[in-house]
Amino acid sequence: KEWKTFQRIADALARLYQISDMKTNFTEIITWFNMPDPIARQFGIYIIEVLCDLEALTDDVITGSIEDFKQMFSKGIQDNDGKVKVSSFKATTQFLINIKDEKNVLQFSALIEIILQNLAPLIQQGEDSVLESLNYLTDTHPKFWKEKIEMLIEVICKIGSDKSIKSTMRSSSLELIYSLSKKIPAILRKSNNFLNMFIPMMFQLLLEIDNENSLPQWEKMVEEDESDLENMFYIIKRGFERLSRD
């Protein structure tokens, strides 16, 4: 029941694992992760996240246990317990970010569909750290999304259009597409959903002000200082500038 205590133990264990035989220790982590108690599963996946932060998972450990990693991340992202699910998102993205060889990253492309299927519900629950993790992943390995670019855009459009989600989180979701426009523009230009879903959504969001029929409100929007990150008008205006530049 005392997660903070478990977290401190996990931090210490990860540092010990860093200076020992990681291949043997990984078996222990798998055992914890497969336990019925959700706090044990969270404990196991959190250790993976810390090991990634410490850059303790070498290429030979990853390649030697690649199927175990795939199964762990897939199972964790779809876990019924919200805390396990969020921890699994963070561990998965940090794990992929730390892989230097892009070919090894692409071996985990089967996770994309699972990630995207579970993304919107987490965002609706206010888990903004998940988006932050995905943005880091997109910056580091943009080609990870290549095979499922249409699905990614569809999910981002769903999040971006949902007015029940905070503007800052909707804005953060759009960052994934802005990053792709800079990193892999040719792939994005060829996407049907980019042209037929994302761009029309951007124009629709540009009109999102408190009273769209109020001329004084529009005049105020045009003349005001563009520092309001909560205001969708300015968020989208800057988004168009970035897309056109990239």
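Side chains are part of it too, since the values below use all heavy atoms of this structure and drop only hydrogens, waters and symmetry mates.
Side-chain atoms of S109 come within 3.5 Å of backbone atoms of L106 as a donor-acceptor pair (strictly under, hydrogens ignored). Listed for the K183 side chain is no donor-acceptor partner under 3.5 Å among the backbone atoms of T138. Checked by atom type and distance alone, the side chain of N118 pairs as donor or acceptor with a backbone atom of I114 at under 3.5 Å.
For the pair I45/M72, a side-chain contact is recorded, criterion being any heavy-atom separation below 4.5 Å from C-beta on. Looking at heavy atoms from C-beta onward, S20 lies out of side-chain contact with L16 at the 4.5 angstrom threshold. Looking only at side-chain heavy atoms (C-beta outward), F73 and F89 stay at 4.5 Å or farther from each other. In this structure, E132 and S172 have side chains that are not in contact, with every pair of non-hydrogen atoms separated by 4.5 Å or more. A heavy-atom distance below 4.5 Å is found between the side chains of M151 and Q117. With a 4.5 Å cut-off on side-chain heavy atoms, K90 and V130 do not count as touching. Side chains of L51 and F95 form no contact here, defined as non-hydrogen atoms less than 4.5 Å apart. In this structure, the side chains of R170 and K163 come closer than 4.5 Å at one or more pairs of heavy atoms.
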>> Set out, in order, the CA-CA distance, both residues' side-chain angles and the distance that settles side chain to side chain contact (heavy atoms under 4.5 Å, CB included) for L174 and I159, then state yes or no.
In response: CA-CA 9 Å; L174 302 180; I159 295 169; over 6 Å; no
> Is there a side chain to side chain contact (heavy atoms under 4.5 Å, CB included) between T93 and Y136 once you walk through the steps?
Replying inline: CA-CA 8 Å; T93 50; Y136 282 129; over 6 Å; no
>> Run N104 and Q107 through side-chain hydrogen bond (donor to acceptor under 3.5 Å, both in side chains) and show every step you take.
In response: CA-CA 5 Å; N104 284 338; Q107 288 193 62; 3.2 Å; yes
> After noting the C-alpha distance and the side-chain angles of Q94 and N98, does the key distance pass the side-chain hydrogen bond (donor to acceptor under 3.5 Å, both in side chains) rule?
Replying inline: CA-CA 6 Å; Q94 193 60 48; N98 285 0; 3.3 Å; yes
>> Does D68 form a side chain to side chain contact (heavy atoms under 4.5 Å, CB included) with F33? I'd like the steps, not just the answer.
In response: CA-CA 11 Å; D68 289 323; F33 184 74; over 6 Å; no
>> Quick one, Y17 with F26, criterion ring-ring contact (aromatic ring centres under 6.0 Å, His included). Give me CA distance, side-chain angles, the key distance, then yes/no.
In response: CA-CA 9 Å; Y17 285 163; F26 186 60; 9.8 Å; no
>> Evaluate F6 against Y46 for ring-ring contact (aromatic ring centres under 6.0 Å, His included), listing each step before the verdict.
In response: CA-CA 10 Å; F6 272 103; Y46 176 74; over 10 Å; no
> Yes or no on side chain to side chain contact (heavy atoms under 4.5 Å, CB included) for I99 and L96, after CA distance, side-chain angles and deciding distance?
Replying inline: CA-CA 5 Å; I99 297 176; L96 294 172; 4.2 Å; yes
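With rounding to the nearest 0.5 angstrom, the CD1 atom of I29 is 12.0 Å from the CG atom of N34. Taking CD of E147 as the start and CD1 of I187 as the end, the distance is 8.5 Å to the nearest 0.5 Å.
M197 and L152 end up in different hydrophobic clusters when Ile, Leu, Val, Met, Phe, Trp and Tyr side chains are linked at under 4.5 Å. One hydrophobic cluster, built from ILVMFWY side chains closer than 4.5 Å, holds both F203 and F194. Hydrophobic clustering (side-chain heavy atoms under 4.5 Å, transitive across Ile, Leu, Val, Met, Phe, Trp, Tyr) groups I30 together with F108.
A salt bridge links D79 with R41: the distance from a Lys NZ or Arg NE/NH1/NH2 to an Asp or Glu carboxylate oxygen falls below 4.0 Å. Contact check on R242 versus E175 returns a salt bridge, with a Lys/Arg side-chain nitrogen under 4.0 Å from an Asp/Glu carboxylate oxygen. The pair K237-E241 meets the salt-bridge criterion, with a side-chain N (NZ, NE, NH1 or NH2) lying under 4.0 Å from an Asp/Glu carboxylate O.
Within a 6.0 Å sphere centred on CD of Q71, heavy atoms belonging to other residues, nucleotides or ligands number 12 at most.
Of the candidates N193, L116, I177, L180, I156 forms a side chain to side chain contact (heavy atoms under 4.5 Å, CB included) with just one, namely I177.
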